[in-house]
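Here's the structure, in structure tokens; my notes come after.
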Amino acid sequence: MVSDGAAPPSSPDRPLRVAVIGAGPAGIFTADALTQQTDVPVQIDLVDRLPTPFGLVRHGIAPDHAKMRAIRETLHRSLDHPSLRFVGNVEIGVDLALEDLRAHVDAVVYTYGAALDRKLGIPGEDLPGSLAATELVAWYCGHPDADRERVESALAAARSVVVVGVGNVALDVGRVLARTPEELESTDMPQHVLDALAAAPVEQVTILGRRGPAQASFTTQELRELGAMAGATVLVDPADLELDPDSEERAAADRVVSRNLGVLRGWVENAPEPDRIPLRLRFFSRPARLLGEGRVTGLEVERTAVDGDGRAVGTGEVEVLPADLVVRSVGYRGSALPGLPIDERSGTVPHDGTGRVLRDGQLSGGEYVAGWIKRGPSGVVGTNKADARETVAALLADATAGVLRVGGPADDLVSTLQARGAEPVLLEDWRAIDAAEIELGATRGRARTTLHEREALLAAVRAAARR
Ligand code: NAP
């Protein structure tokens, strides 16, 4: 590994200085793993391009999953550590070049996730009325970068909705669109999101799997939840549940698959009911093209069979599903940070298997990666904990071996940013946002209402600073 300086001292007077880029679960677990060890004194800057911490816990986990979102309380406690400084509203590569950041610290850990959507690569994909799940999820979670106009105009015409993909995100999207306004009232969704969802004319939702139910990637608890909705009835075609021998084998070997099949079988007798939204789970159907002129009116799908290698193979049998809104929920993809390499195929930063970043196939001293940008968009929030520990172990081993290069004074980071016109949001500023959201929620009897616009978030910070 390259060392272009003396080994950084790691004494309480001169702790190891680490910047963690991305304050989602992977970033906070990384910071936590660093602060919870005592071998190497550390000082951490946890940088995020948003003025708010928590990444996908705030802007990804469905707002009606209150129990899952409660993990933010645990993550919040981690932010209080005296060796940790939250530096929000700072985009590396825009407000500060990566190179300049690296001059301030001894090591950088990239934990900025996978924010982009995957494309289907079929005709009509860019028609109005076709959205990526990432866009819809960002919007209903109140992400400052969500394109309100685009999502809300698509939703305003959405009678028939088709969600492509059978992962947990597809279930989230289908479920949120089929919820009653009363079911969503207790969430922290922005008020305009609640209003737009209540006004959306949704009459039917279809969730589409290109392979069979034995190959679906959703998990059982999330699937089961569809059956407990106040205003929607799950419909499944019994023919989709007739398994070929390979799928039988898969179900016998994998408890999640067999449980999923059990849940699906429990719904085969369901029939459409008046005044309830039919929520269809339809398998063996792959999207061929989106139809419509000026906006989406339908989705052409081809019936498939699953071959011996588990791949979807077209049968040539084509059908058109009515659709005013098509949501592609076919996975997330990581993007490059200016100055950082990315493997375009996997959408991850190349690393040595334990989180040490590789540049041109060589270890790059002082650069590490954890979370989705390390391993791809998979697993639950907790998966990032072990992942972050692995990366931190590599970082600490390198620090102890004295192979990290020495950065400049880390305390200068915030003043450097301010001198460049950036407006870093620190922990007490985030607390002001937190308080403003709780206060806004209380005006409608809710625990919290998410502030959507970046300006509203920053206004809460400025108002608190004036007090
Ligand atoms: P995912 O689990 O990878 O699911 C992607 C889905 O898209 C799969 O069904 C896949 O089918 C399908 N797909 C991919 N390309 C396609 C194409 N060209 N045409 C049709 N279908 C296509 O991804 P995700 O749903 O985005 O979730 C990401 C991660 O977050 C997962 O680990 C998930 O469990 C996690 N998550 C968890 C929760 C929760 O715990 N409640 C909630 C949300 C997300 P094939 O299998 O055929 O490729």
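Atoms within each ligand, like the ligands themselves, are counted from 1 in listed order.
Within the 4.0 Å heavy-atom cutoff, Trp372 counts among the residues contacting ligand 1. Heavy-atom distances between Glu222 and ligand 1 reach below 4.0 Å in at least one pair. For Met68, the closest heavy-atom approach to ligand 1 falls below 4.0 Å. For the pair Ser378 and ligand 1, a heavy-atom separation below 4.0 Å is found.
If you check which protein heavy atom lies closest to atom 25 (O) of ligand 1, you get Val169 N, 3.1 Å. For atom 23 (O) of ligand 1, the nearest non-hydrogen atom of the protein is Gly331 CA, 4.1 Å. Here the protein heavy atom with the shortest distance to atom 9 (O) of ligand 1 is Val166 N, 3.0 Å. Protein heavy atom in closest approach to atom 22 (C) of ligand 1: Val330 CG1, 3.3 Å. Here the heavy atom of the protein found nearest to atom 3 (O) of ligand 1 is Ser217 OG, 4.3 Å. Shortest contact from atom 28 (C) of ligand 1 to any protein heavy atom: Pro377 O, 3.7 Å. From the protein, the heavy atom lying nearest to atom 6 (C) of ligand 1 is Ser329 O, 3.8 Å.
The pair Asp188-Arg69 meets the salt-bridge criterion, since a charged nitrogen lies less than 4.0 angstrom from a carboxylate oxygen. For the pair Glu185 and Arg444, the salt-bridge criterion is not met [side-chain N within less than 4.0 Å of a carboxylate O]. A salt bridge is defined here as a Lys NZ or Arg NE, NH1 or NH2 lying under 4.0 Å from an Asp or Glu carboxylate O, and Asp254 with Arg250 fails to meet this definition. Using a 4.0 Å cut-off between charged side-chain N and carboxylate O, Asp64 and Arg175 make a salt bridge. Electrostatic pairing of Arg179 and Glu225 counts as a salt bridge here, judged by a charged N lying under 4.0 Å from a carboxylate O. Here Asp240 does not pair with Arg282 in a salt bridge; the nearest charged N to carboxylate O distance is not below 4.0 Å.
For atom 31 (C) of ligand 1, the nearest non-hydrogen atom from the set Gly379, Ala170, Gly167 belongs to Gly379. Considering Gln215, Arg333, Arg210, Arg328 only, the shortest heavy-atom separation from atom 18 (N) of ligand 1 involves Arg210.
With a 4.0 Å heavy-atom cut-off, ligand 1 is reached by the side chain of Asp172 but not by its N, CA, C or O. Residue contacts with ligand 1 for Leu208 are absent, since no atom lies close enough (heavy atoms, distance under 4.0 Å).
Side-chain atoms of Gln204 and Arg280 include a donor-acceptor pair closer than 3.5 Å.
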| query | Could you walk me through whether Asp434 and Arg431 pass the salt bridge (Lys or Arg N to Asp or Glu O under 4.0 Å) check? | reply | CA-CA 5 Å; Asp434 197 30; Arg431 285 194 206 290; over 6 Å; no

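Side chain of Ser247 to backbone of Leu243: no donor-acceptor contact under 3.5 angstrom is found. For Arg446 (side chain) and Thr187 (main-chain N/O), a donor-acceptor pair under 3.5 Å exists by modelled atom type.
The atoms of ligand 1 that sit less than 4.0 Å from any heavy atom of Tyr332 are 26 (O). Which parts of ligand 1 touch Leu120 is read off a 4.0 Å heavy-atom cut-off, strictly below it: atoms 17 (C), 18 (N), 19 (N). Atom numbering of ligand 1 starts at 1 in the shown order; those under 4.0 Å from a heavy atom of Val164 are 20 (C).
Ligand 1 has a nitrogen or oxygen under 3.5 angstrom from a nitrogen or oxygen of Arg211. Between Asn168 and ligand 1, a contact under 3.5 Å exists for at least one N or O pair.
Leu325 has its side chain within reach of Val327: a pair of non-hydrogen atoms, C-beta onward, lies under 4.5 Å apart. Put simply, the side chain of Phe29 does not reach to within 4.5 Å of the side chain of Thr111, judged on heavy atoms.
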